[in-house]
Amino acid sequence: MEPTILSVQALRKSFGANRAVDDVTFDVCAGELVALIGPNGAGKTTTFNMLNGQLRADGGTVQLEGTSLLGLPPRRIARMGVGRTFQVAATFTSMTVQENVQMAFVAHHRRAFSIWTRMRRQYADEALSLLEQVGMAGQATRPCSELAYGDVKRLELAMALAGSPRLLLMDEPTAGMAPSERQTLMTLTRRLAQQRNMAVLFTEHSMDVVFAVADRVIVLARGRIVAQGDPTEIRAHPEVQRVYFGTGATFADQQGATP
């Protein structure tokens, strides 16, 4: 069995009387892709924001390879080995593809630069290597503003990898993408996770993507975990189907839907 990278125990967060995350417990292992799914308001984003320090938890523990993350600021957590991509990709549109990745390296290593021409030389080889890994080396000199959306998401993935994360958090990574682009991005993510022995936790609304690429699926509803298991188990789980569809419908009936 692969070593545990992320261990979450009894995580809790309330907003007034609303218990947004309630006693959430799960692990993610090296090389594993785990999907965190649930209907709107289930607590997925709140959970993510506690894992990378954007929100302070009310209770519980979050450990990265045995080291506690709770109470640490996002930058400290990132430097400890937690990367993140967002539903809306964050790139510098005025820079080239390669320069975006170089900036990610500079930020991670806290390197200072006095003039842009000096920064152009920093981490140039490392940036090209990462772009090669995500299939973007041929577009290294293109302005980011000219990229198709699927390529922007691959660039964002390369930028997240500049910090050599042990854990990668991906918040709805395929939002806004065409079906073929979704599968390409997540298949690439799976390959990189296995090559780097990196754990990946992702939220996703496309059930096609979840069932195609996830090793395990965690289902949240009203802040609590209602089911965990492999995609086959989750697809057939009656409580999960009730949470998503009420009664009388199944994921098979909704093939291609994005609840």
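Below, each value reflects all heavy atoms present in this structure, side chains not excepted, and no hydrogens, waters or symmetry copies.
A heavy-atom distance below 4.5 Å is found between the side chains of F26 and V28. Counting heavy atoms from C-beta on, the side chains of L6 and V62 come closer than 4.5 Å. When side chains are defined from C-beta on, L161 counts as touching M198, because their heavy atoms get closer than 4.5 Å. At least one side-chain heavy atom of T47 sits under 4.5 Å from a side-chain heavy atom of L220. A heavy-atom distance below 4.5 Å is found between the side chains of V82 and L169. You'll find the side chain of E132 stays beyond 4.5 Å of the side chain of L128, heavy atoms only. Residues L192 and V134 have side chains in contact (heavy-atom distance under 4.5 Å, counting atoms from C-beta outward). Between L201 and L51 the shortest side-chain heavy-atom distance falls below 4.5 Å.
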- Step by step, would you call V24 with V21 a side-chain contact (heavy atoms from CB on, under 4.5 Å)? CA-CA 7 Å; V24 166; V21 174; 3.5 Å; yes
- Give the C-alpha distance, both sets of side-chain angles, the deciding distance and a yes or no for side-chain contact (heavy atoms from CB on, under 4.5 Å) between E2 and N197. CA-CA 9 Å; E2 296 294 339; N197 214 26; 3.6 Å; yes
- Message: Does V152 form a side-chain contact (heavy atoms from CB on, under 4.5 Å) with T91? I'd like the steps, not just the answer.
- Response: CA-CA 8 Å; V152 171; T91 58; 4.3 Å; yes
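In this structure, K44 is not positioned above the aromatic face of F48 in the sense of NZ or CZ being under 6.0 Å from the six-membered ring centre and within 45° of the axis.
A salt bridge links D22 with R224; the closest basic N to acidic carboxylate O contact falls under 4.0 Å. Electrostatic pairing of R84 and D171 counts as a salt bridge here, judged by a charged N lying under 4.0 Å from a carboxylate O.
Linking ILVMFWY side-chain heavy atoms closer than 4.5 Å, directly or via other members, places L33 and L36 in two distinct hydrophobic clusters. M80 is connected to L55 through a chain of hydrophobic side-chain contacts under 4.5 Å among Ile, Leu, Val, Met, Phe, Trp and Tyr, so both are in one cluster.
R222 CZ: 12 or fewer foreign heavy atoms inside a 6.0 Å radius. Other residues, nucleotides and ligands contribute over 12 non-hydrogen atoms within 6.0 Å of the CZ atom of R191.
Residue E32 forms a side-chain hydrogen bond (donor to acceptor under 3.5 Å, both in side chains) with just one option from Q194, R190, R216, and that option is R216. Here the rule is side chain to side chain contact (heavy atoms under 4.5 Å, CB included) with I37, and of I218, V217, T203 only V217 fits it. In summary, of the residues considered (E204, H205, K153), a side-chain hydrogen bond (donor to acceptor under 3.5 Å, both in side chains) with T174 occurs for E204 alone.
Residue Y123 comes nearest to F105 through the heavy atom pair CG-CB, 3.5 Å, listed as atom of the first residue, atom of the second, then distance.
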